[in-house]
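Report on one structure; see the data block that follows.
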2 protein chains.
Amino acid sequence: MRETGFLWSATVFIHGIRDARSVSDHLQRGPETMKDVTIQDIAAAAKVSKSTVSRVLNDTSAVHPDKRRAVLEATSRLGFQPNAFARSLASGRSMTIGVLTQIIGSPFYDAVSQGVIAGLSGTGYSPIFADGRWQRTAEVGAIRALVGRRVDGMVLIGGDIPGTELANLCGTLPTVVVARQLASEQHHCIFMDNVEGGYLATNHLIEFGHQDIAIIRGIADHRDATDRFDGYTKALHEAGIQRNPALIIDGDFTADSGVHAIDTLLSAGRPFTAVFAANDMTAFGARLALHQQGIRVPEEVSIVGFDDQAEAAFMTPPLTTIRQPAREMGWQASRALLALIDGQPFESRPLHGELQVRESVARAA
Amino acid sequence: MRETGFLWSATVFIHGIRDARSVSDHLQRGPETMKDVTIQDIAAAAKVSKSTVSRVLNDTSAVHPDKRRAVLEATSRLGFQPNAFARSLASGRSMTIGVLTQIIGSPFYDAVSQGVIAGLSGTGYSPIFADGRWQRTAEVGAIRALVGRRVDGMVLIGGDIPGTELANLCGTLPTVVVARQLASEQHHCIFMDNVEGGYLATNHLIEFGHQDIAIIRGIADHRDATDRFDGYTKALHEAGIQRNPALIIDGDFTADSGVHAIDTLLSAGRPFTAVFAANDMTAFGARLALHQQGIRVPEEVSIVGFDDQAEAAFMTPPLTTIRQPAREMGWQASRALLALIDGQPFESRPLHGELQVRESVARAA
DNA sequence: TTGTAAGCGTTATCAC
DNA sequence: GTGATAACGCTTACAA
């Protein structure tokens with residue numbers, strides 16, 4: 001017997017508030033609250049003991065076929081739903097994995113989450129997603145809430161609280177950090193090689209004969225952003241192209257920053273034939289700004305993005321970009337965590353981005 | 001004392017699987033499992049009874065300031081995290097709201113969820129998100145899981161299991177359905193007027209002198225899609241424009257369907273000067289296809305979308321579209337649900353889309 | 001104001 | 001195989 005369903009939960013823990021007392025008193029269909037059916041009711045209906053019911057439900061030891069059948073029958077007849085709270089309380093194991101996400105609207109994080117779900121599916125463990133919304137305090141609160149839920153392990157996707165604080169919060173809880181690179185050895189991280197990605201993107205431009213390649217960077221202290229920038233620098237260096245400070249513009253991963261970057265670039269007057277945007281959203285903004293200035297893409301200026309989000313393929317022209325193995329990262333993270341929980345050592349294969357060639361890059365004029 | 005954090009949980013309920021026994025035995029830092037600190041420990045440390053601890057933690061009745069202080073001190077010193085399971089088990093109330101979402105990658109659903117979170121924040125209730133992934137069985141499983149978690153109420157966003165089945169699953173549980181319109185009176189629905197939205201979009205085109213307006217519809221049996229189409233029809237009718245079957249193309253809300261629709265339209269040979277796409281993704285696809293055929297937007301063909309997702313403002317040209325009050329829908333849903341739980345009648349103000357004028361529409365040639 | 005004790009619905013440990 | 005019965009950690013009458 002196997003019942004599947006995906007359950008996401010967002011929790012706000014608030015102590016000291018008990019303002020909803022009338023809850024179970026006035027249900028929709030009047031005051032006649034339908035009492036939940038419990039394992040006890042099943043036991044009575046099947047004329048066996050609670051223990052036996054538990055045994056057949058969990059398949060934890062052999063029971064007589066007849067009784068088994070009786071229990072199953074009663075279960076479905078009464079529409080019994082085991083109480084998850086009681087279950088975890090008694091067993092000590094919550095069979096639940098805490099996942100910290102950052103709601104950023106970016107399909108990237110969605111994809112990572114999906115990977116986690118996929119990796120956990122069929123293992124008996126259930127992910128519980130907590131949202132840090134890219135805010136330090138919310139993030140700490142979210143992790144606390146996760147711990148309060150007695151998760152058996154955690155997957156932290158992104159976020160930016162410092163490693164030491166993380167160590168404090170998580171304690172001995174098995175934890176895997178995704179899409180973020182922490183210095184300390186004690187943290188288990190799964191991340192893509194962003195330097196390589198930046199290199200791939202820039203090099204593609206160079207191969208198309210571009211020399212004056214502008215870069216719109218991501219958030220300044222964001223490791224992903226600095227790594228991609230390093231990749232850009234490396235590619236330039238290898239090709240013997242002098243890096244030009246005038247072509248290095250700061251951004252923050254938003255489309256707006258892409259627009260502003262182009263404006264800045266244009267008003268500075270330093271000519272450029274290509275742009276490497278720190279992510280697709282930035283690329284979208286850049287492309288729009290170029291359009292508004294009457295500059296053709298890719299004929300006059302080529303663009304490369306980073307992420308390969310769904311909309312990238314439908315930009316005009318379709319955006320050449322670096323595809324992040326988001327789903328796979330999530331998958332790997334969950335498998336690694338499971339191993340960790342089981343007492344095995346942490347292991348992960350390095351992940352690589354792939355250049356997704358489309359039509360936003362043309363040969364330099 | 002107030003502690004906040006957003007917690008999302010995805011759960012796969014699997015009966016009969018108990019294959020992870022070694023969990024708590026082998027924690028990361030060796031076999032010396034750090035026992036969770038309980039309310040009992042706090043009681044001992046603060047030299048009071050469990051009840052008193054509970055009282056100060058929940059602010060449920062007055063306690064002596066000294067003891068109070070002692071409890072609080074012990075709580076933070078020992079890093080006590082109340083066990084959520086035990087709490088709900090004992091109180092009967094889970095203080096938790098089940099939210100059924102459909103992972104569709106669409107920012108629209110994200111926004112609705114955010115609205116729910118916002119509406120619940122500060123009420124003491126916590127949303128628990130279950131994912132239906134637009135699949136009937138997963139949806140049923142998800143709702144079951146929610147019920148198993150003993151949620152105090154449910155918000156169902158989208159989904160497509162029939163109303164009667166819904167009634168069965170939810171039983172007497174207070175429930176609000178968002179972004180979906182159910183016929184039966186017994187369901188409480190919060191939705192936008194899609195007919196009006198479709199009308200607004202089409203009428204905008206008509207006001208710009210367009211007569212030959214193509215429409216790329218959404219999923220055929222999707223109420224949102226048919227309503228938008230009805231709005232289109234209505235606007236045409238009012239303007240005395242004959243509806244032309246050759247300009248009505250089926251789609252499925254994806255960018256790909258937008259591309260195909262344009263191809264179909266073009267090969268059919270029936271001229272058109274404007275396109276109303278069932279949603280923004282479809283509009284993106286249409287815009288790309290037009291670009292690839294060398295047809296200029298908006299000079300030769302105008303486009304209107306529906307949703308106003310983040311990328312819409314950065315399409316080239318920026319997409320004129322109907323903004324859905326997604327966040328507000330989520331907010332209203334949660335407030336309405338809270339009222340329902342409290343025994344008050346269901347109430348909701350009708351919601352309206354807004355025309356977001358940008359640059360993808362031009363005067364008809 | 002405080003403590004004692006009886007649950008809440010399961011699982012787990014025993015004897016039988 | 002099966003059934004009592006003791007946890008699990010917390011809330012909540014009920015007494016004191």
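Because only heavy atoms are used, hydrogens play no part in the values below, and waters and symmetry mates are left out as well, while side chains stay in. Protein chains get the first letters and strands the later ones, always in sequence-line order, with residue 1 at the start of each.
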- Message: Pick the closest DNA chain C nucleotide for B/Ser49 and for A/Ile39 by heavy atoms, then say which residue is nearer the 5' end.
- Response: B/Ser49
How far apart are the closest heavy atoms of [X] and [Y], and which atoms are they?
X        : Y        : result
A/Lys50  : A/Ala43  : N-CB, 3.7 Å
A/Thr38  : A/Phe80  : C-CE1, 3.6 Å
A/Gly98  : A/Leu146 : CA-CG, 3.7 Å
A/Leu182 : A/Cys189 : N-SG, 3.4 Å

Mind calculating the distance between [atom1] ([X]) and [atom2] ([N]) to the nearest angstrom?
X       : N      : atom1 : atom2 : result
B/Gln40 : D/dC10 : CD    : C1'   : 11 Å
B/Leu89 : D/dC8  : CG    : C1'   : 9 Å
B/Arg55 : D/dT12 : CZ    : P     : 11 Å
A/Leu57 : C/dT10 : CG    : P     : 9 Å
B/Phe85 : D/dT11 : CZ    : P     : 15 Å

- With distance as the sole criterion, do the side chain of B/Arg150 and the base of C/dG9 form a donor-acceptor contact below 3.5 Å? no
- Task: Please evaluate the base of D/dG1 for a donor-acceptor partner in the side chain of A/Arg68 within a cut-off of under 3.5 Å?
- Result: no
- Message: Taking the side chain as everything from C-beta on, heavy atoms only, tell me whether A/Arg87 gets closer than 4.5 Å to A/Ser54.
- Response: no
Would you say [X] reaches [N]'s phosphate, i.e. side-chain N/O to OP1/OP2 under 4.0 Å?
X       : N      : value
B/Asn83 : D/dC8  : no
A/Thr38 : C/dG9  : no
B/Ser54 : D/dT11 : yes

Measure from the side chain of [X], starting at C-beta and using heavy atoms only, and say which of [options] lies closest.
X       : options               : answer
A/His64 : D/dT11, C/dG9, D/dT2  : D/dT2
A/Ser91 : C/dT11, C/dC8, C/dG3  : C/dT11
A/Ser51 : D/dA7, D/dG1, D/dT5   : D/dT5
B/Lys50 : D/dT11, C/dG3, D/dC8  : D/dT11
B/Val63 : D/dT12, C/dT2, C/dT11 : C/dT2

- Check every strand shown and say whether B/Val48 touches a base, only sugar-phosphate, or nothing at a heavy-atom separation below 4.0 Å. sugar-phosphate
